[in-house]
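What follows is a single structure, written as structure tokens, with notes after it.
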Amino acid sequence: MLYTKFANFLKTYKIVLLQIKKGCSLKLNYKDVLIPPKITNIDSRSKVNLESKKKFKFSRNNWEGIPVIASNMDYVGTFETARALQKNKILTAISKYYSDSEWVKAVASGVDINYSFITFGLENPNKILDKIHSIEDLTNQTFKLVMFDIANGYIIKYHNMINEIRKQRKDLILAAGNVVTKEGVKAISEAGSDLVKIGIGSGSVCDTSTVTGIGYPQFSAVYECSDEAVNLGVKIIADGGIRSSGDIVKSFVAGADFVMLGSLLAGHEQGGSPLKEINGKKHRQYYGMSSEQAMSIHEGKKKSYRASEGSVKWIEDKGDVNRTIEEILGGLRSACTYLNVSNIDGINKDIDYITVK
């Protein structure tokens, strides 16, 4: 046992020396970090306010609510999820695979577009604008939030697409990603996006780093990208690697303005994913949007020139998403009491953290 501990210490020590030799620091994931508590005068979680007020660099619109976003993944970013989360002023990035008519029905049945992103991938800008205008005309409501979501946010054609939408709609709050470097943040920002989504390879059903070798440890990615975002006057969304409410707190400490949740909100009845009994318990399907499963559903099959960069999981049925949201918000309030901050915006880079590698 002692030999194993010493061997692990030497391995870590050698990695650190190699990093120093190469002129770069060790990069961290959420599991590598903890946040020390502070002396506090907040004696009840009920005294904590989790709502935040956000202003943006490009959009004329402001936003107010809890800065948490349900991912636009299948079985997570559904209209049913949005209806549940908006009660707590939490955002949902709606799946890009919903039609105009489905959007119209959803808005008619109570989906609040002040808390719902309409989502697109890399598409023709005119097609995007046509869809937005069509839904707005049919619902007599104006979108506030638009999300552009692709795995590789470094593509120049993608930046040009965002820029074209920005030229046509200066009112919209635009979010786009994904990137993990300062260079990526700069490119997305200069394209006209108010929010830059940070995360490649860190999601629980994302295999990009395994398949391609590309990625960045998520805590460090958020920490470093947030510096560039502040310099450019834009905000960032931490997307990926969140497995608990504690990880949400760590994201804010790293500098995130919003945190996106995928696996944490998967497996609920509002997601509508298929059910299967495993060992006598109900399980629901959850998969990455670059998986062969997702490509088969939305594109008919996986293209021969592509590799699957996502996996499929069956997770135990979690029931009503409202129960999970209650636990998440309770965890955030508790963290605020430990850190002596009365508002969620107080969880930021001014708070110390320690590494536990």
Side-chain angles (χ1 to χ4, degrees), residues 56-63 69-74 76-79 81-82 91-108 111-179 184-199 234-237 239 258 260 289-290 294-295 297-300 303 306:
F56 302 96
K57 180 176 182 177
F58 300 106
S59 173
R60 297 192 295 264
N61 281 312
N62 299 328
W63 183 85
I69 308 170
S71 171
N72 52 285
M73 300 173 74
D74 287 357
V76 176
T78 65
F79 291 125
T81 297
L91 293 153
T92 300
I94 302 296
S95 167
K96 65 183 179 182
Y97 296 106
Y98 283 114
S99 66
D100 296 20
S101 60
E102 287 173 314
W103 262 101
V104 173
K105 289 177 183 176
V107 172
V111 169
D112 188 345
I113 60 175
N114 291 306
Y115 294 97
S116 298
F117 285 90
I118 184 170
T119 305
F120 300 94
L122 178 52
E123 301 174 35
N124 182 291
N126 291 327
K127 184 179 177 181
I128 291 171
L129 289 167
D130 285 346
K131 180 164 184 168
I132 291 173
H133 294 154
S134 172
I135 297 168
E136 288 178 332
D137 289 342
L138 291 167
T139 60
N140 199 31
Q141 294 197 43
T142 303
F143 278 108
K144 178 183 284 188
L145 302 156
V146 176
M147 180 165 290
F148 301 114
D149 179 66
I150 65 172
N152 180 1
Y154 292 84
I155 298 172
I156 293 173
K157 184 179 179 181
Y158 182 59
H159 307 156
N160 293 338
M161 180 201 75
I162 297 166
N163 187 246
E164 187 58 36
I165 303 300
R166 171 55 70 204
K167 288 177 182 177
Q168 299 295 324
R169 290 291 298 264
K170 300 185 186 304
D171 59 315
L172 295 171
I173 299 168
L174 300 183
N178 280 28
V179 296
V185 173
K186 189 171 187 290
I188 297 289
S189 168
E190 289 180 345
S193 185
D194 301 286
L195 287 155
V196 183
K197 203 143 64 78
I198 310 301
V234 296
K235 293 176 169 48
I236 63 170
I237 302 169
D239 175 25
F258 293 81
M260 178 168 272
M289 295 308 290
S290 291
M295 286 185 271
I297 290 172
H298 298 299
E299 301 171 27
K303 303 292 193 299
R306 295 189 62 175

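Computed from heavy atoms alone, side chains included, the values below leave out hydrogens, waters and symmetry copies. Positions are given from 1 along the sequence.
Here the closest non-hydrogen pair linking Thr92 and Gly77 is CG2-CA, 4.0 Å. When all heavy atoms of Thr81 and Ala70 are compared, the pair lying nearest together is CG2-CB, 4.2 Å. Here the shortest heavy-atom pairing between Leu91 and Ser116 reads CD2-N, 4.4 Å. When all heavy atoms of Thr139 and Ile135 are compared, the closest pair comes out as OG1-O, 2.7 Å. For the residue pair Ile173 and Ser59, the shortest heavy atom distance occurs at CG1-OG, 3.4 Å. The nearest pair of heavy atoms linking Ser189 to Lys57 is OG-NZ, 4.3 Å.
Arg169 has its side chain within reach of Thr142: a pair of non-hydrogen atoms, C-beta onward, lies under 4.5 Å apart. In this structure, Met260 and Asn72 have side chains that are in contact, with non-hydrogen atoms separated by less than 4.5 Å. Residues Val146 and Ile165 form no side-chain contact, since every pair of their non-hydrogen atoms from C-beta on lies 4.5 Å or further apart. Counting heavy atoms from C-beta on, the side chains of Val107 and Leu138 never come closer than 4.5 Å. Counting heavy atoms from C-beta outward, Ile188 and Val234 have side chains that stay 4.5 Å or more apart.
Distance check: Lys167 NZ to Glu164 CD gives 5.5 Å after rounding to the nearest 0.5 Å. Between the NZ atom of Lys96 and the CD1 atom of Ile128 there is a distance of 10.0 Å, given to the nearest 0.5 Å. Atom CD of residue Gln168 and atom CG of residue Asn163 lie 10.5 Å apart, to the nearest 0.5 angstrom. To the nearest 0.5 Å, the span separating CD1 on Ile155 from CG on Leu122 amounts to 6.0 Å. Distance check, rounded to the nearest 0.5 Å: CD of Glu123 to CD1 of Ile150 gives 11.0 Å. Of the inter-residue distances, the one linking Ile236 atom CD1 with Leu195 atom CG reads 9.5 Å to the nearest 0.5 angstrom.
The aromatic rings of Phe258 and Phe56 sit parallel, their planes meeting at an angle under 30°, below the 60° perpendicular limit. Ring geometry for Phe120 versus Phe148: interplanar angle of 30 to 60°, hence tilted.
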Exercise for the section: Using the side chain to side chain contact (heavy atoms under 4.5 Å, CB included) rule, take Lys131 and Asp100 through it: C-alpha gap first, then chi angles, then the decisive distance, then the call. Expected result: CA-CA 7 Å; Lys131 180 164 184 168; Asp100 296 20; 3.3 Å; yes

Exercise for the section: Dump the intermediate steps for side chain to side chain contact (heavy atoms under 4.5 Å, CB included) on Leu145 and Asn61, then the final yes or no. Expected result: CA-CA 9 Å; Leu145 302 156; Asn61 281 312; over 6 Å; no

Practice task
Begin with the C-alpha distance, continue with both residues' side-chain angles, and end with the deciding distance and a verdict on side chain to side chain contact (heavy atoms under 4.5 Å, CB included) for Ile94 and Ile118.
Solution key: CA-CA 6 Å; Ile94 302 296; Ile118 184 170; over 6 Å; no

Practice task
Give the C-alpha distance, both sets of side-chain angles, the deciding distance and a yes or no for side chain to side chain contact (heavy atoms under 4.5 Å, CB included) between Leu174 and Phe58.
Solution key: CA-CA 9 Å; Leu174 300 183; Phe58 300 106; over 6 Å; no

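Looking at Trp63, its side chain never comes within 3.5 Å of a backbone N or O of Tyr115 through a donor-acceptor pair. Using a distance-only test at 3.5 Å, with no hydrogens or angles considered, no donor-acceptor pair links the side chain of Tyr158 to the main chain of Gly121. For Ser134 (side chain) and Asp130 (main-chain N/O), no donor-acceptor pair under 3.5 Å exists by modelled atom type. At least one donor-acceptor pair under 3.5 Å links the side chain of His159 to the backbone N or O of Gly153. Put simply, the side chain of Ser95 never gets that close to the backbone of Thr78: no donor and acceptor are under 3.5 Å apart.
Heavy atoms of other residues, nucleotides or ligands lying less than 6.0 angstrom from NZ of Lys144 number more than 12.
Classification of Arg166 and Asp194 as a salt-bridged pair holds, one side-chain N sitting under 4.0 Å from a carboxylate O.
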